[in-house]
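This one's a predicted model, so the numbers in the text were calculated from it and none came from an experiment.
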Amino acid sequence: MFWFLEGICFLPTFLVIWSSSTFIVSYLIALFEHDVDVIFPYISDTGAEPPESCVFGLMTVITAFAGMATMYARYKFVEKLNETAGGVPPVLNQAAFWIGMLSCLGMCFVATFQETTITIVHDAGALLFFVSGVLYTILQSIISYKAFPYGCSLALCRMRTGIATIAFLAVFPTVVCAVFVTQTTLHRKTEDEDYVFHLVSAVSEWIVAFSFIFFFFTYIHDFKKFTLKLRTQFVDYS
């Protein structure tokens with residue numbers, strides 16, 4: 001059996017590959033169309049103009065739903081693990097799940113409302129995505145430690161904590177520096193007054209985004225251990 005067919009590890013595997021491709025493909029198309037600069041545009045800039053906006057929107061929505069499926073599977077795994085081993089408060093598991101759902105919802109807003117059309121909705125979705133995503137990684141890192149040694153190895157616990165810390169530290173300059181970016185053009189010049197703020201915010205944004213990707217990469221090992229089954233049960237209302 002191929003390793004990605006063990007358990008349901010195809011879920012995080014697909015999520016990691018697809019989400020990485022979403023950012024990279026839209027960036028390459030935007031570069032080919034000369035719509036963005038080579039040096040660290042905002043991720044949303046790479047999906048602001050057609051045709052890359054169509055590709056970015058479609059791939060991001062698929063990423064969001066793949067993220068929802070992966071988060072739900074993780075939630076059920078921790079729930080089942082807690083029935084036998086304990087250690088993880090159910091409210092913590094539920095909080096992590098719903099915060100993760102909010103992050104995916106924010107991603108859908110980013111995908112469907114381009115920053116050049118409805119900026120307020122796009123920015124609100126991006127803020128929801130990044131803040132909720134960082135909180136999700138933090139809560140899942142805590143859950144990993146509480147479930148140790150039954151959930152995953154100590155090395156994975158430390159790796160998740162390290163990735164969550166990087167995302168936490170990077171989200172602040174992403175948001176704060178973006179406030180000081182006054183120009184909304186896709187092409188920037190080094191002599192622009194807000195160029196430094198733009199560069200710091202954009203670099204931090206890419207760091208946060210790929211921190212999320214690497215965090216889900218750590219799920220692959222755990223997802224080899226279980227499967228999910230759908231059960232149909234008839235209800236008699238007579």
Side-chain angles (χ1 to χ4, degrees), residues 1-20 61-108 128-168 171 208 210-238:
M1 178 183 293
F2 295 106
W3 65 268
F4 54 83
L5 296 179
E6 297 180 22
I8 56 171
C9 72
F10 66 89
L11 271 179
T13 301
F14 173 79
L15 178 59
V16 168
I17 295 174
W18 188 266
S19 57
S20 301
V61 168
I62 295 175
T63 299
F65 280 98
M68 290 179 182
T70 303
M71 290 175 182
Y72 177 75
R74 170 69 179 176
Y75 165 75
K76 297 301 291 184
F77 170 65
V78 173
E79 184 181 60
K80 191 66 177 179
L81 189 68
N82 209 40
E83 292 178 1
T84 55
V88 181
V91 66
L92 180 61
N93 190 30
Q94 294 170 4
F97 170 71
W98 287 113
I99 289 174
M101 292 297 104
L102 285 177
S103 180
C104 293
L105 177 63
M107 194 184 305
C108 290
L128 180 64
F129 165 61
F130 283 117
V131 174
S132 300
V134 170
L135 287 176
Y136 176 80
T137 60
I138 293 173
L139 291 179
Q140 285 297 339
S141 299
I142 296 173
I143 289 173
S144 297
Y145 273 107
K146 287 186 174 294
F148 177 78
Y150 303 102
C152 63
S153 65
L154 184 59
L156 270 181
C157 292
R158 291 171 176 170
M159 184 180 298
R160 287 172 185 167
T161 302
I163 295 172
T165 302
I166 292 173
F168 176 77
V171 77
V208 175
F210 275 90
S211 294
F212 294 162
I213 293 173
F214 284 117
F215 192 89
F216 285 113
F217 179 79
T218 67
Y219 279 3
I220 294 177
H221 180 268
D222 293 355
F223 277 45
K224 292 180 180 181
K225 303 176 182 178
F226 69 99
T227 59
L228 289 179
K229 292 183 179 180
L230 180 65
R231 185 177 63 179
T232 303
Q233 182 174 352
F234 290 99
V235 179
D236 186 7
Y237 290 103
S238 59

Next on the checklist: Take a 6.0 Å sphere around CZ of Phe210 and say whether it holds more than 12 heavy atoms from other residues, nucleotides or ligands.
Outcome noted: yes

Checklist entry - Which atom pair, heavy atoms only, marks the closest approach of Ala66 to Leu15? => result CB-CD1, 3.9 Å

Next on the checklist: Among residues at least two apart in sequence or on other chains, which ones pass side chain to side chain contact (heavy atoms under 4.5 Å, CB included) with Ile138?
Outcome noted: Val134, Ile142, Ala164, Phe168

Checklist entry - Does a sphere of radius 6.0 Å around OH in Tyr150 hold more than 12 heavy atoms from other residues, nucleotides or ligands, not counting ones at 6.0 Å or beyond? => result no

Next on the checklist: Looking at Phe14, I'd like to know if its CZ atom is crowded, meaning that more than 12 non-hydrogen atoms belonging to other residues, nucleotides or ligands lie closer than 6.0 Å.
Outcome noted: yes

Next on the checklist: Can you confirm whether Phe212 sits close enough to Tyr136 that some side-chain heavy atom of one is under 4.5 Å from a side-chain heavy atom of the other?
Outcome noted: no

Checklist entry - Where is the tightest heavy-atom contact between Ile163 and Ser211, given as atom of each residue plus distance? => result CG2-O, 3.1 Å

Next on the checklist: Could you measure the distance from the OG1 atom of Thr137 to the CD1 atom of Ile166? Nearest 0.5 Å is fine.
Outcome noted: 10.5 Å

Next on the checklist: Around atom CE of Met101, are there more than 12 heavy atoms from other residues, nucleotides or ligands closer than 6.0 Å?
Outcome noted: yes

Checklist entry - What are the two closest non-hydrogen atoms of Ile99 and Leu139, and how far apart are they? => result CD1-CD1, 3.6 Å

Checklist outcome for this item: Applying side chain to side chain contact (heavy atoms under 4.5 Å, CB included) to Lys76 and not counting sequence neighbours gives Tyr72, Glu79, Leu228

Checklist entry - What's the verdict on side-chain contact (heavy atoms from CB on, under 4.5 Å) for Phe216 and Met71, showing C-alpha distance, side-chain angles and the deciding distance? => result CA-CA 9 Å; Phe216 285 113; Met71 290 175 182; 3.6 Å; yes

Item to check | Leu154/Tyr145 under side-chain contact (heavy atoms from CB on, under 4.5 Å): CA gap, chis, key distance, verdict | outcome: CA-CA 8 Å; Leu154 184 59; Tyr145 273 107; 4.0 Å; yes

Checklist entry - Rounded to the nearest 0.5 Å, how far apart are OG of Ser19 and CD1 of Ile62? => result 12.0 Å

Checklist entry - How are the rings of Phe223 and Tyr219 set to each other: parallel, tilted or perpendicular (split at 30° and 60°)? => result parallel

Checklist entry - Residues in side chain to side chain contact (heavy atoms under 4.5 Å, CB included) with Asp222, at least two apart? => result Arg74, Phe77, Cys152, Leu156, Arg160, Lys225

Next on the checklist: Just verifying a value: how many Å separate Ser132 OG and Trp98 CH2, rounded to the nearest 0.5 Å?
Outcome noted: 13.5 Å

Next on the checklist: Please check: side-chain N/O of Asn93 versus main-chain N/O of Val78, any donor-acceptor pairing under 3.5 Å?
Outcome noted: no

Next on the checklist: What's the separation between atom CG in Leu105 and atom CE in Met68, rounded to the nearest 0.5 Å?
Outcome noted: 6.5 Å

Item to check | Polar side-chain atom of Thr218 near backbone of Phe215 as donor-acceptor pair, under 3.5 Å | outcome: yes

Item to check | Approximate separation, where rounding is to 0.5 Å, of Leu92 CG and Lys146 NZ | outcome: 7.0 Å

Next on the checklist: Using every non-hydrogen atom in the two residues, find where Leu11 and Ala73 come nearest and quote the distance to one decimal.
Outcome noted: CD1-CB, 4.0 Å

Checklist entry - Taking all non-hydrogen atoms of both residues, which atom of Gly87 and which atom of Pro89 are closest, and how far apart? => result O-CD, 3.5 Å

Checklist outcome for this item: Residues Gly67 and Cys104: closest non-hydrogen pair is C-SG, 3.9 Å

Item to check | Distance (rounded to the nearest 0.5 Å) between Phe148 CZ and Arg158 CZ | outcome: 8.0 Å

